[in-house]
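One structure is given here, and the rest of the page talks about it.
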Protein chains: 2
Amino acid sequence: MRRKTKEEYIEIICLLEREQGRAQTGMIAEAIDVKPPSVTEVLRKLEEKGLIVYEPYVGATLTEAGFEMARDLWQRHRTFADLLRLLGVDRRVAEADACQFEHHVSPETLEYLKLFLEFLRESPEGRRCLEDFEAFRKQRG
Amino acid sequence: MRRKTKEEYIEIICLLEREQGRAQTGMIAEAIDVKPPSVTEVLRKLEEKGLIVYEPYVGATLTEAGFEMARDLWQRHRTFADLLRLLGVDRRVAEADACQFEHHVSPETLEYLKLFLEFLRESPEGRRCLEDFEAFRKQRG
DNA sequence: ATCCTTATTTAGGTTAACCTAAATATTGGC
DNA sequence: GCCAATATTTAGGTTAACCTAAATAAGGAT
């Protein structure tokens with residue numbers, strides 16, 4: 001598989017803390033499909049950057065800054081995934097693509113996408129647009 | 001700056017061949033903001049993969065396979081960039097973001113986006129959707 | 001035809017993200 | 001409280017994409 005970014009580690013740590021109460025080396029390694037020694041190495045670097053506190057043999061906990069980053073990534077992820085789903089993309093695919101896009105989108109573009117998502121979901125015109133697109137899709141796709 | 005992918009080299013080579021008639025080490029290095037020795041190294045690898053023919057001291061030319069890849073990337077790029085522009089994203093920003101997305105989008109998602117783009121541009125409902133979104137944006141954004 | 005300039009390649013080094021194997025720490029059962 | 005099983009870290013190695021400095025090739029002016 002592909003090379004993981006620091007951002008991905010932060011996301012996994014956040015998820016594990018939330019769902020399992022803690023984020024240990026082995027759990028992270030498993031979740032991210034990497035061997036434990038690689039995780040140890042990255043955790044040290046994340047600590048240097050002030051994104052986590054790393055306690056050897058215990059695990060990682062996000063700092064305030066790390067948590068901010070995770071929250072931010074999650075929002076970007078949701079924006080993409082939700083938008084793709086609304087357009088009809090399969091759930092698995094939408095989530096997988098969002099995992100990639102979230103790391104590369106600019107703030108400006110993200111703002112537009114968030115707004116467009118809001119438009120599609122919350123305005124009558126937006127909802128009609130989705131219906132029209134679905135009809136269009138069924139006809140042409 | 002960021003690490004470049006093989007795909008980015010292919011795109012630049014395609015562009016240079018098209019616009020300057022040839023793609024030499026120095027031109028590629030300049031275009032991609034990397035030093036010439038790094039380019040030489042990558043060109044050898046691209047040749048091994050059958051994507052270019054590399055003639056030392058002369059430059060690179062895309063093979064059929066390389067050209068296919070470039071064409072494909074360009075289409076992905078255009079899909080994203082055009083979509084973002086339609087939503088109102090600034091040209092520079094849209095192009096820059098498309099440069100990233102194009103390397104990460106799945107075929108399934110790309111199909112949906114192409115179809116949505118077609119819908120927005122070519123159907124009356126799609127065009128109305130864009131107008132409605134613009135109004136929405138001016139009001140809320 | 002030779003020399004000088006300019007471009008390219010070669011040689012060798014760095015960094016970051018991975019890996020395996022070996023050493024070490026933690027934990028649960030007795 | 002000790003010991004075995006399990007998890008983590010340390011040590012050392014690989015690969016890919018970069019870099020700088022030095023060597024070499026190509027091309028134009030005289």
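What's counted below: heavy atoms across the whole structure, side chains too, no hydrogens, waters or symmetry copies. All chains are named by letter (A, B, ...) in the order of the sequence lines, taking the proteins before the strands, and each is independently numbered beginning at 1. Quick caveat: nothing in here was measured; it's all calculated off a predicted structure.
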Arg76(B) to Phe80(B), cation-pi by 6.0 Å centre distance and 45° axis angle: no

Euclidean distance, atom CD of residue Gln24(B) to atom P of dT6(C) [Å, nearest integer]: 16 Å

Can you tell me the distance, in whole Å, between the CD1 atom of Ile28(A) and the C1' atom of dT8(D)? 12 Å

Inspect the surroundings of CZ in Arg91(B) and state if more than 12 heavy atoms from other residues, nucleotides or ligands are less than 6.0 Å away. no

Within a radius of less than 6.0 Å around CZ of Arg78(A), do more than 12 heavy atoms belonging to other residues, nucleotides or ligands occur? yes

Give me the ring orientation class for Phe116(B) and Phe133(A): parallel if the planes are under 30° apart, tilted from 30 to 60°, perpendicular past 60°. perpendicular

Letter by letter from the 5' end, nucleotides 10-25 of chain C scores (B base, S sugar-phosphate only, - none; protein heavy atoms under 4.0 Å) B----BBBBBBB--BS

Are Arg44(B) and Glu48(B) ion-paired here, with the side-chain N under 4.0 Å from a carboxylate O? no

